[in-house]
Q: 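Following this message is one structure expressed as structure tokens.
Along the sequence shown, residues carry numbers from 1. These values consider heavy atoms only, across backbone and side chains, with no hydrogens, waters or symmetry-generated copies. Read the numbers this way: they start at 1 and go in the same order the structure lists the ligands and their atoms.
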Amino acid sequence: MPSVEVLLSRLDPSVPLPSYARAGDAGADLVTTTDVVIGPGEREVVGTGIAIALPEGYAAFVHPRSGLAARVGLSVVNTPGTIDAGYRGEIKVCLVNHDLRAPIVLTRGDRIAQLVVQKVEHAVFREVDDLPDSDRGAGGYGSTGGHEVLARTEG
Ligand SMILES: O=c1ccn([C@H]2C[C@H](O)[C@@H](COP(=O)(O)OP(=O)(O)OP(=O)(O)O)O2)c(=O)[nH]1
Ligand SMILES: [Mg+2]
């Protein structure tokens with residue numbers, strides 16, 4: 001995996017550095033610095049104890065962790081959260097409990113989300129009278145079919 005240096009400051013000296021659990025992982029795990037209980041359907045903003053300075057031309061994205069999502073319904077409200085290259089504040093995570101019945105109990109140090117660092121570009125938006133033709137054209141929102149599940153669900 002190619003790598004890029006990202007300057008990091010620990011605002012909470014005892015939190016671990018974000019780390020990739022396995023060599024090929026795209027996301028480095030982030031932890032919560034606080035104990036929190038998130039009720040069914042509720043959301044909570046938690047701190048991660050770290051601030052970063054991304055190089056120009058990069059952004060970082062806060063993604064949910066799939067295991068927690070599947071097991072207890074934990075996700076990120078604004079997934080993926082966008083960390084701008086110019087942001088120097090603490091990275092925070094707006095967590096949500098999608099479970100309709102059970103609260104989620106989180107303890108300081110629990111890995112609650114993952115940070116994906118990516119190259120990004122600015123678009124130069126050039127207004128034109130007509131867009132070039134394409135195979136898809138304006139077909140969207142299910143234009144390619146595959147809606148058997150809807151028929152089964154809606155009866
Ligand atoms: O999950 C997230 C998302 C964002 N941020 C921080 C870093 C980001 O650079 C800043 C602004 O985020 P965004 O642009 O998504 O929020 P906004 O509501 O548009 O705020 P602003 O007006 O400050 O741009 O908030 C986080 O700490 N965690
Ligand atoms: Mg913004």
Q: Run through ligand 1 for me and note each protein residue having a heavy atom under 4.0 Å from it, chain first, then residue number.
A: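 Protein residues near ligand 1 are V62, N78, G81, T82, I83, D84, Y87, E90, I91, K92.
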
Q: Can you confirm whether L17 sits close enough to L8 that some side-chain heavy atom of one is under 4.5 Å from a side-chain heavy atom of the other?
A: yes

Q: Under 3.5 Å, side chain of Q114 to main-chain N/O of A28, donor-acceptor pair present?
A: no

Q: Could you list the residues that satisfy side chain to side chain contact (heavy atoms under 4.5 Å, CB included) with A85, not counting sequence neighbours?
A: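 Counting only residues at least two positions away or on another chain, A85 forms a side chain to side chain contact (heavy atoms under 4.5 Å, CB included) with L54.
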
Q: Under 4.0 Å between a side-chain nitrogen and a carboxylate oxygen: does that hold for R71 and D99?
A: no

Q: I'd like to check the salt bridge (charged side-chain N to carboxylate O under 4.0 Å, His left out) partners of D29; sequence neighbours left out, ordered by chain and number.
A: R65, R111

Q: Under the side chain to side chain contact (heavy atoms under 4.5 Å, CB included) rule, collect the residues that match up with R152, sequence neighbours excluded.
A: E148, V149

